[in-house]
Amino acid sequence: MSENYVPSSKFGKWFNDRLPLLTLSKHLTDYPTPKNLNYWWTFGGILTFCLISQIITGIVLGMHYVAHADMAFSSIEHIMRDVNYGWLIRYIHSNGASMFFLAVYIHIFRSLFYGSYRSPREIIWILGMLIYLLMMATAFMGYVLPWGQMSFWGATVITNLFSAIPLVGESIVTWLWGGYSVDNPTLTRFFSLHYLFPFLILGLVVLHIWALHVPGNNNPIGIDIKKPSKDTVPFHPYITIKDLFALLIFMTIFAGFIFFAPNILGHSDNYIEANPLVTPKHIVPEWYLLPFYAILRAVPDKLGGVVLMLGSIFILMALPWLDSSKVRSTVFRPLYKKFFWLLVIDVLALGYVGAMPAEGLYLLIARVGTIYYFAHFLIVLPVLSRIEKTEPVPLSISEPVLGGMLKPEMARSDRKDV
Amino acid sequence: MDKPEKKGNRRDFIFTASYTVGAIGVGATIWPLIDQMNPDSSVKALASTEVDISQIEPGKSVTVLWRGKPVFIKRRTQEEIAEAQSVSLDDLPHPEKDQDRVKNPEWLVMLGICTHLGCVPLSDKGEYNGWFCPCHGSHYDTSGRIRKGPAPTNMEIPKYAFVDDNTIKIG
């Protein structure tokens, strides 16, 4: 075990006695990982890549960008046209944000499906949700920096959400703006915080991984396993090479966006400089915030809309305590599995209507979708997790495989729990 | 047991006093860091704008920028004034008489900002012939009062005064 690890070289031993970095590195390579992890488990590594990529390209962009209301827009064009490879670095950064969210949504839904948020992994889940919140704040402020029309009006609409707070709302908005409207003071502080937040995220990621390494990974059949045992493989080289392969495929898609459709996920209005006198006909946030935007607009009351929108995110933090099923993995929960996919469709539908005008059928779908979203977590999940008759769960990962079964999820244990 | 308890109380007092002084010190240190984000003196200094309104025809409006926010100055027609004045207060989500929203019924001066989430409404649009906010679908009437949609209140009236017949001073 890594706790008793002694480096072979004399210098290594001398160093490790003073700062046990080599023990840490040994822990990371030997870390026992369930041997049945599928490709949905590769997104942790992919997300780490996304964060590092955003930080590196962001630092480079910060060397050329000018955070001033009069110059920000043209400094972006300067990066695109004059700076060597500026276009490439900016497209990596702007599309990187989208890829980051794509990966994080897959990562979150993987946790939802396999019950990775369940005891004893609640803290990992809550840290993950905090990372997700910081990601949204960072992405929002980053989108403001080019100072185009969508930047300006997106900033106006989102900061105005705080004006829904009774009594102090207006003062909070003025404080956020540093003026009486979104203007230069708002831009400069957003730039400062947009630079800071990724490092806060990095700190939370370290805690997220630390918390993960206490109980170890969950796995597709969601059972507790002995570590290390026949059910585990060392992280290196088994998981590192699998993560790397998944990352290469992810990077291929990423590169496809950068080189062939770099603006497809953006909004063309953001190539018009910010104008405080003209609101674009149709304000939409970036695609990854659309489901929440749909919830905001589904409610015909200002405060109510804001409360439900924030509630839709914070309700996820309570998830470990809303789900009380004895079985972690949805693989063995046939009825809940249907509702899980209904939730996926619901969130995708909310995302779609969030991009459409808030009227007619779209508004109706947004309202039905919002009701189901909350019903799923507050009614379906708590009730179903108590009454659903789950399928029998294998006793170990190896058992069904060695018993000649092709798919672990098809396996039956000794029928004691039937 | 009486004596040690007394001693404990004296120590408790010192602890509480130290915590209090410490908390005040921390608060006094943090406040400048928070207040620096509030509007600075240069922003506050741009407090008023004068506008020449002699060129505005009835039924037309101009939009001027005041404190970074658009202000609508609309010269209303007789029909629009009549429409605004004839509405029953019971039909309004945020009841305000048209007379209370104008200094001179012909001129409507208001902040052109939707009270929902701060977009700029489009003029001569919507179901009440006033303004319509394209962001989230709020309808305002010819007095800038909210009639339908998510906005909670009527569009705000800024402080303004007629300097003479052709000039309005906002702020």
Side-chain angles (χ1 to χ4, degrees), chain A residues 69 152-164 166 169-186 188-190 192-193 274-285 293-294 296-306 309 357-360 362-363, chain B residues 31 33-49 61-73 93-94 111-123 125-127 131-139 146 148-153 156 158-159 170-171:
Chain A
F152 183 90
W153 290 101
T156 301
V157 168
I158 300 296
T159 48
N160 262 305
L161 293 177
F162 292 91
S163 71
E170 292 295 333
S171 321
I172 290 178
V173 173
T174 305
W175 177 73
L176 287 173
W177 285 341
Y180 304 101
S181 61
V182 172
D183 209 333
N184 192 51
T186 325
T188 49
R189 66 190 53 180
F190 276 19
S192 171
L193 295 176
N275 180 354
L277 289 177
V278 182
T279 305
K281 272 223 167 58
H282 186 46
I283 297 186
V284 278
Y293 195 58
L296 170 74
R297 297 192 306 177
V299 187
D301 175 78
K302 183 173 171 179
L303 182 58
V306 174
M309 186 186 73
E359 57 199 26
Y362 297 126
L363 193 57
Chain B
W31 176 246
L33 296 173
I34 294 174
D35 192 44
Q36 55 83 22
M37 281 175 70
N38 272 318
D40 61 37
S41 305
S42 72
V43 171
K44 285 183 187 158
L46 306 167
S48 69
T49 309
S61 67
V62 294
T63 307
V64 296
L65 214 54
W66 171 67
R67 284 180 160 185
K69 290 178 172 179
V71 174
F72 293 155
I73 302 175
H94 177 198
L111 280 184
I113 290 181
C114 179
T115 54
H116 183 223
L117 294 174
C119 298
V120 179
L122 306 168
S123 59
K125 290 254 164 60
E127 292 171 20
W131 285 266
F132 171 70
C133 182
C135 293
H136 308 97
S138 293
H139 299 260
I146 179 66
K148 189 182 167 192
T153 58
E156 209 181 310
K159 243 194 238 168
I170 305 165

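Chain letters run A, B, ... following the sequence lines, proteins first, then strands; residues in each count from 1.
- Contacts of A/Leu363 with chain B are absent, with no heavy-atom separation under 4.5 Å from either backbone or side chain.
- Here the shortest heavy-atom pairing between B/Val43 and A/Pro185 reads CG2-CG, 4.5 Å.
- Only the side chain of A/Trp153 comes within contact range of chain B, judged by heavy atoms closer than 4.5 Å.
- To the nearest 0.5 Å, atom NZ of residue B/Lys69 and atom OH of residue A/Tyr180 are 9.0 Å apart.
- A heavy-atom distance below 4.5 Å is found between the side chains of A/Leu296 and B/Leu117.
- Of the atoms belonging to B/Ile34, heavy atoms from both backbone and side chain fall under 4.5 Å from chain A.
- In this structure, B/Val120 and A/Pro276 approach most closely via the heavy-atom pair CG2-O, 3.8 Å.
- The distance from atom NZ of A/Lys302 to atom OG1 of B/Thr153, rounded to the nearest 0.5 Å, is 7.0 Å.
- Counting only heavy atoms from C-beta outward, the side chains of A/Val157 and B/His136 approach each other to under 4.5 Å.
- Between chain B and the residues A/Leu277, A/Ile283, A/Val299, the largest count of heavy-atom pairs under 4.5 Å involves A/Leu277.
- Here B/Cys119 is the residue among B/Gly112, B/Pro70, B/Cys119, B/Pro121 with the most heavy-atom pairs under 4.5 Å with chain A.
- Of all heavy-atom pairs between A/Ser181 and B/Arg67, the closest is OG-O, 3.6 Å.
- Residue-environment remark: CD (B/Glu156) stays at or below the threshold of 12 foreign heavy atoms within 6.0 Å.
- Contacts between A/Pro280 and chain B at a heavy-atom distance below 4.5 Å involve the backbone alone (N, CA, C, O).
- Using a 4.5 Å cut-off between heavy atoms, A/Tyr293 contacts chain B through its side chain alone, with no backbone atom that close.
- Taking 4.5 Å as the limit, some side-chain heavy atom of B/Pro39 sits within range of a side-chain heavy atom of A/Thr174.
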